[in-house]
Amino acid sequence: MRIVALAGGIGGARFLRGLKAAVPQGTEITVIGNTGDDIHLFGLKVCPDLDTVMYTLGGGINEEQGWGRTGETWSAKEELAAYGVEPSWFGLGDRDLATHLVRTQMLGAGYPLSAVTEALCARWQPGVRLLPMSDDRIETHVAIDDPDSPGARKAVHFQEYWVRLRAGVPAHAVVPVGADEAAPAPGVLEAIGEADVVLFPPSNPVVSIGTILAVPGIREAIADRGAPVVGLSPIVGGAPVRGMADRMLAAVGVETSAAAVATHYGAGLLDGWLVDTVDEAAVPEVEKVGIRCRAVPLMMSDADAAARMAREALALAGEIQ
Ligand code: GDP
Ligand code: CA
């Protein structure tokens, strides 16, 4: 069996760890990772979501935090702060820095991000084929009120909105800058074209899955493939399980509910949708728009829970086939 999964950072990575445990040996999993969160810091190219997937599946993730490396130290960050250089709000750990150094060096030598990601994965052996959604530069920007100019708006990088501002001010728009002129990375459309199942993990529907779907050709390839497309809700009981996804949904005019996220993806894309048992009442609402829906436990409290979710997703896909 060939599975394609789209993935952001923490929600995607934790689900993928469960998926790996749930599938029979010989199953090929291709992960299309979000690169809209990517940022250039101190001359380095940082790809937070790709790294979260790579570290989580490769056994190097800081479990409590959900991102970054185990046993991390922060000397470089402290030294940079001592020079007073900005940004000081982004967590660049010493161990993590090595990844960004290797990536930046390879990109500088002319390798595309997809080849660089493959090289980094040679160390981490994530057990899946991890592809960036695109080799082209795409950066998600968020429109907020300009604090320096009443009535005006300004755009900030997604990381500034998320990490520095903690999504604490209203977002008026979310734009994946560069997406409209980007192309899917090598292998992305091919993997979708050969997929038996396409999965949307419980990743952020706007700035993770939404950004991937904004790369021209990816949404169409998924819709045209005809293989079952099954998603899992990142919204449980009307709230994101962690993080501030409600802020991003509000920015695109979508209610923070499991049913509204399914409708946002739409029946043209999604064949099946899993909601948490607390959202059982959403099942008929989702089925009404033509998406098959089941209520099952969706809290990834540990790897086993994530594996059970993956089995439920594959079972639902099996019903659709
Ligand atoms: P990010 O890039 O690190 O923000 O990670 P993702 O986009 O992959 O996933 C973020 C989403 O994961 C958030 O919107 C959360 O609601 C969701 N999430 C995190 N943990 C869980 C969980 O245990 N269950 C479910 N259903 N969703 C989760
Ligand atoms: Ca992310």
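Start at 1 and go down the list; that is how both ligands and their atoms are numbered. These figures come from a predicted structure and were not determined experimentally.
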Whether over 12 other heavy atoms sit under 6.0 Å from Glu319 CD: yes

When you measure from atom 13 (C) of ligand 1 to each heavy atom in Arg242, Met299, Met309, which option holds the nearest one? Arg242

Carboxylate-amine/guanidinium contact Lys77 Glu79, below 4.0 Å: no

So with a 6.0 Å cut-off around CD of Glu72, is the heavy-atom count from everything else above 12? yes

Between Arg225 and Gly193, is there a donor-acceptor pair closer than 3.5 Å when you use the side chain of the first and the backbone of the second? yes

Any side-chain to backbone donor/acceptor pair from Asp196 onto Arg2? Under 3.5 Å, distance only. yes

Residue, atom and distance of the protein heavy atom nearest atom 9 (O) of ligand 1 read Gly11 N, 3.2 Å

So for atom NZ, which belongs to Lys154, do other residues, nucleotides or ligands contribute more than 12 heavy atoms lying within a distance under 6.0 Å? yes

Checking heavy-atom distances from atom 26 (N) of ligand 1 to each of Ser301, Ser233, Gly12, Pro297, the winner is Ser233

Under a heavy-atom criterion of less than 4.0 Å, does Thr52 contact ligand 1? no

A quick test of your reading: do over 12 heavy atoms of other residues, nucleotides or ligands sit less than 6.0 Å from CD of Gln125? yes

Heavy-atom proximity to atom 2 (O) of ligand 1, best of Gly9, Ala13, Pro202: Gly9

Polar proximity ligand 1 side, Met300 side, N/O cut 3.5 Å exclusive: yes

Got the closest protein heavy atom to atom 5 (O) of ligand 1, with its distance? Ile10 N, 3.0 Å

Honestly, is Arg164 close enough over Phe90, meaning NZ or CZ under 6.0 Å from the six-membered ring centre and within 45° of the axis? no

Checking a contact table here: which protein heavy atom is nearest atom 8 (O) of ligand 1, and how many Å away? Ser203 OG, 2.6 Å

Report the C-alpha distance between Asp135 and Ser114 in whole Å, list the side-chain angles of each, state the deciding distance to 0.1 Å, and finish with yes or no for side-chain hydrogen bond (donor to acceptor under 3.5 Å, both in side chains). CA-CA 6 Å; Asp135 279 337; Ser114 48; 2.8 Å; yes

Which atom, counting only N, O or S, brings Asp37 closest to the Ca ion (ligand 2)? OD2

Polar-atom distance check: Leu298 versus ligand 1, any N or O pair below 3.5 Å? yes

Would Trp162 count as being in polar contact with ligand 1, using the rule that some N or O on each side must be under 3.5 angstrom apart? no

Considering only the protein, which heavy-atom contact is closest to atom 16 (O) of ligand 1, and what is its distance? Pro234 O, 2.7 Å

Shortest protein contact, atom 7 (O) of ligand 1 (heavy atom only): Ser208 OG, 2.6 Å

Atom 28 (C) of ligand 1: nearest protein contact (heavy atom, Å): Val241 CB, 3.6 Å

